[in-house]
Amino acid sequence: MTDAVIVSTARTPLAKAWRGAFNMTHGAKLGGHAARHAIERAGVDPAEVEDVIMGCAHPEGATGHNIARQIAIRAGCPVTTAGVTVNRYCSSGLQTIAIAAQRVMVDKVPVVVAGGVESISCVQNEMNKHMAHDEWIERHKPAIYMPMLQTAEVVAKRYDIGRERQDEFGVQSQQRAAAARSAGVLPFRPNFAQARTSKRSFFVAHPTVTF
């Protein structure tokens, strides 16, 4: 079986919703910037990218119209590069990594770009709410429309996961990451990419992970 490896990563800075430097930045521009730098860092010809898979919790408006396909074009990939948008809400981006690995291992796809994109500023308050809920589901399974923060509270209460246990898990995760870096398992190397907006420019160190 073909092995799937992550050869480079890139991301934009995380800005404040509605009042941050990216509050009027289209999803294609945000995602395209990160994807272009990831491709460059990998030393891959954009024409070799067969598919761009992007996760998005609200794929509409500035992150609609198959935003993954738009990101592929903004990243410098040719029109022969496909794009598919995945929605699994908060785990959408992580899901694309799993799908990309499957495509490489099973379908023998040579190069895939995967990640996630979201713009709370451009989408959340402008969402199409016409017939947003199905009346049968509202009666029988209304919890399906609960926001993630509310479902997290339900899980914590149902399985008796207190704040202290959550904090312990968070610290343990950080300790494991630090130990992995120290052991050379996750060799983070600083890379600098510039994210331009109409207001100002960001110079941010991005980690590159190779396995």
Side-chain angles (χ1 to χ4, degrees), residues 3-23 25 27 30-31 33-35 37-38 41-42 53-59 63 71 85-102 104-105 112-124 143-195 197 200-211:
D3 290 332
V5 295
I6 299 172
V7 295
S8 72
T9 64
R11 63 165 298 164
T12 65
L14 181 63
K16 294 180 178 180
W18 297 296
R19 60 185 187 278
F22 295 145
N23 65 344
T25 307
L30 282 173
H33 178 82
H37 280 277
R41 293 171 187 176
I53 310 171
M54 282 288 149
C56 183
H58 296 299
T63 51
I71 287 171
T85 304
V86 176
N87 182 3
R88 201 183 281 274
Y89 283 101
C90 289
S91 62
S92 298
L94 185 60
Q95 181 65 57
T96 69
I97 305 300
I99 294 174
Q102 292 168 357
V104 171
M105 298 170 70
V112 182
V113 173
V117 63
E118 210 73 54
S119 177
I120 298 300
S121 303
C122 295
V123 177
Q124 185 165 292
I144 199 171
Y145 297 118
M146 291 170 62
M148 291 291 287
L149 291 176
Q150 193 172 350
T151 60
E153 293 292 337
V154 171
V155 170
K157 182 177 181 180
R158 180 178 298 169
Y159 297 103
D160 192 26
I161 305 173
R163 176 61 183 270
E164 185 176 349
R165 288 179 63 193
Q166 296 177 52
D167 288 344
E168 288 175 354
F169 183 83
V171 170
Q172 184 184 57
S173 178
Q174 293 293 324
Q175 291 173 335
R176 287 174 174 172
R181 285 196 297 269
S182 297
V185 178
L186 295 178
F188 281 75
R189 300 193 302 274
N191 286 274
F192 293 86
Q194 185 177 18
T197 71
R200 58 179 181 272
S201 297
F202 286 90
F203 289 88
V204 181
H206 302 302
T208 293
V209 186
T210 56
F211 294 92

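Bear in mind that the values here come from a model prediction, so they are computed numbers and not experimental data.
Taken to the nearest 0.5 Å, the NZ atom of K157 stands 10.0 Å off from the CD atom of E153. Of the inter-residue distances, the one linking R165 atom CZ with Y159 atom OH reads 12.5 Å to the nearest 0.5 angstrom. Atom SG in C90 sits 8.0 Å away from atom CG in L149 (nearest 0.5 Å). Considering OG of S92 and NE2 of H58, their distance stands at 9.5 Å, rounded to 0.5 Å. The CG atom of N23 sits 7.0 Å away from the SG atom of C122 when rounded to the nearest 0.5 Å.
Side chain of E118 to backbone of A57: a donor-acceptor contact under 3.5 angstrom is found. Under the 3.5 Å distance criterion, the side-chain polar atoms of S173 are left unmatched by any main-chain donor or acceptor of F169. The backbone N or O of A34 sits nowhere less than 3.5 Å from a side-chain atom of T12 that would complete a donor-acceptor pair.
Across every non-hydrogen atom of G27 and T63, the tightest pair is CA-CG2, 4.0 Å. Pairing each heavy atom of A4 with each of M105, the nearest pair is CB-CG, 3.8 Å. In terms of heavy-atom proximity, G20 sits nearest to A15 at CA-CB, 4.3 Å. Of all heavy-atom pairs between P59 and T85, the closest is CB-CG2, 4.1 Å. When every heavy atom of Q95 is checked against every heavy atom of V86, the shortest pair comes out as CG-CG1, 3.9 Å. Summarising the geometry of A38 relative to S8, their closest heavy-atom pair is O-OG, 2.6 Å, with the distance given to 0.1 Å.
Within a 6.0 Å sphere centred on CD1 of I161, other residues, nucleotides and ligands contribute more than 12 heavy atoms. In this structure, Y89 places its OH atom where only 12 or fewer heavy-atom neighbours from other residues, nucleotides or ligands lie under 6.0 Å away.
The closest side-chain heavy-atom distance from V171 to Q174 is not below 4.5 Å.
The one candidate from I71, V113, T96 that meets the side chain to side chain contact (heavy atoms under 4.5 Å, CB included) condition with I53 is T96.
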